[in-house]
Amino acid sequence: MEIRHTTNPTDVKQYTTERLRQEFLIESLFEQDRLTSVYTHYDRMVVGGAFPVNEKLVLEAGDTLKTEYFLERREIGFLNIGGDAIITVDGESYELSRLDVLYVGKGKRDVQLASKDKANPTKLYFCSALAHAEYPTRKMTMEEANPTHLGSLETSNERVLYKYIHGDGIQSCQLMLGVTSLKTGSVWNTMPSHVHDRRMEAYLYFDVNQDARVFHMMGEPSETRHLVVANEQAIISPPWSIHSGVGTSNYTFCWSMAGENYTFTDMDAVKMEELK
């Protein structure tokens with residue numbers, strides 16, 4: 001498990017492109033038959049990926065968490081972006097199709113991840129946050145995820161937002177997770193942008209064409225930067241940073257949040273004229 005510390009927004013103004021990528025971009029999440037994760041000190045979120053092909057992968061605390069097992073003081077959400085998955089939680093199995101989500105609450109000891117068919121292996125993206133109470137394990141399909149249609153083709157941001165883990169969906173302590181999918185011909189997400197100083201956010205960009213890229217906008221509204229992101233790469237977004245993106249073609253991304261406020265609409269909008 002890689003560890004990344006928090007950064008000061010004043011210092012970030014001096015970062016080179018390479019340093020920005022080292023601090024905020026996770027370039028490689030899915031390695032065959034491995035579980036990869038990054039522990040960020042922003043709200044203690046763990047962002048990771050599992051790519052089980054020939055064998056099961058076990059969610060383990062390792063030395064980083066200093067706990068007996070991964071979910072001793074944590075909760076976790078899994079999003080399937082590949083072939084069918086089988087996740088076993090303390091002996092009970094859950095089958096996930098593509099874009100299904102499984103929430104697993106605090107206190108579950110044994111979590112195993114596997115592909116149903118190694119010829120069409122799964123890829124499981126996960127985000128984990130600290131938890132103070134136990135909530136039940138629950139699966140949700142994309143069709144159940146309260147789809148919300150946003151934007152328009154005229155503004156190049158026609159998209160569908162699917163909310164899985166949130167106050168009116170799968171219940172959790174502080175973790176929120178959803179997926180936004182852009183329509184063909186649309187490339188912008190979340191513009192005008194916003195910040196939410198009471199919680200951090202992570203983005204996984206996927207369904208990005210091999211020859212396409214997403215320009216992820218970050219930084220304080222008055223001092224913006226960008227990261228060039230390829231398919232299946234993730235962004236760690238600090239609470240003080242905007243998080244907005246534009247692609248060379250349409251794409252899909254998973255957003256997840258953790259922090260003090262559990263209200264989905266808790267955000268401070270940034271006017272277009274304030275961006276620099």
Side-chain angles (χ1 to χ4, degrees), residues 1-2 26-40 45-65 67-131 134-142 144-145 162 164-165 170 172 175-179 202-207 231-234 252-256 258:
M1 186 181 294
E2 179 188 351
I26 306 174
E27 294 192 67
S28 181
L29 272 175
F30 300 101
E31 299 181 26
Q32 182 172 320
D33 291 320
R34 289 195 61 186
L35 191 152
T36 304
S37 60
V38 173
Y39 180 107
T40 170
M45 182 181 274
V46 176
V47 178
F51 188 16
V53 179
N54 298 305
E55 57 188 67
K56 291 183 179 179
L57 300 177
V58 179
L59 187 68
E60 297 178 325
D63 186 57
T64 303
L65 300 185
T67 55
E68 183 181 347
Y69 54 97
F70 191 96
L71 295 176
E72 184 175 328
R73 295 197 296 268
R74 287 185 161 272
E75 58 188 357
I76 194 168
F78 293 96
L79 168 69
N80 182 10
I81 65 168
D84 290 350
I86 299 174
I87 301 180
T88 304
V89 181
D90 285 353
E92 185 171 356
S93 294
Y94 300 85
E95 187 171 319
L96 273 67
S97 299
R98 192 172 192 276
L99 298 186
D100 287 351
V101 162
L102 182 71
Y103 168 83
V104 185
K106 172 181 176 290
K108 299 300 184 183
R109 287 179 170 267
D110 183 26
V111 180
Q112 300 183 20
L113 316 173
S115 292
K116 184 176 181 181
D117 179 5
K118 67 179 183 180
N120 182 27
T122 186
K123 288 184 177 179
L124 291 163
Y125 174 68
F126 61 86
C127 292
S128 170
L130 295 176
E134 296 183 17
Y135 284 89
T137 301
R138 183 179 167 190
K139 170 187 167 182
M140 181 175 285
T141 66
M142 182 182 67
E144 298 171 318
Y162 302 91
Y164 294 86
I165 305 173
I170 299 176
S172 67
L175 181 67
M176 284 184 273
L177 184 147
V179 169
Y203 272 22
L204 170 74
Y205 288 100
F206 64 103
D207 289 349
N231 188 45
E232 297 178 358
Q233 293 183 340
T252 303
F253 67 100
C254 174
W255 46 266
S256 59

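Reckoned from all heavy atoms, side chains included, excluding hydrogens, waters and symmetry mates.
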Side chains of residues 105-113: which donor-acceptor pairs under 3.5 Å do they make with residues two or more places apart or in other chains?
from : atom 1 : to   : atom 2 : distance (Å)
R109 : NH1    : E68  : OE2    : 3.1
D110 : OD1    : Q112 : NE2    : 3.4
D110 : OD2    : Q112 : NE2    : 3.1

CG-CG distance between L79 and L99, expressed to the nearest 0.5 angstrom: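 Here the interatomic distance stands at 6.0 Å.
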
Check whether any side-chain heavy atom of [X] sits under 4.5 Å from a side-chain heavy atom of [Y], and report yes or no.
X    : Y    : result
S28  : T36  : no
Y135 : I170 : no
E31  : F51  : no
P52  : T122 : yes
V101 : Y162 : no
D90  : T137 : no
Q32  : N54  : yes

Donor-acceptor under 3.5 Å ([X] side chain, [Y] main chain):
X    : Y    : result
D84  : K116 : no
R98  : G83  : no
S128 : E75  : yes
K123 : G49  : no
D33  : V53  : yes
N120 : D117 : no

Set of residues satisfying salt bridge (charged side-chain N to carboxylate O under 4.0 Å, His left out) with respect to E72, sequence neighbours excluded: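 Result, salt bridge (charged side-chain N to carboxylate O under 4.0 Å, His left out) vs E72: none returned.
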
Polar contact flag, side-chain donor to acceptor under 3.5 angstrom, S93-T88: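 Judged by distance alone, the side chains do pair up.
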
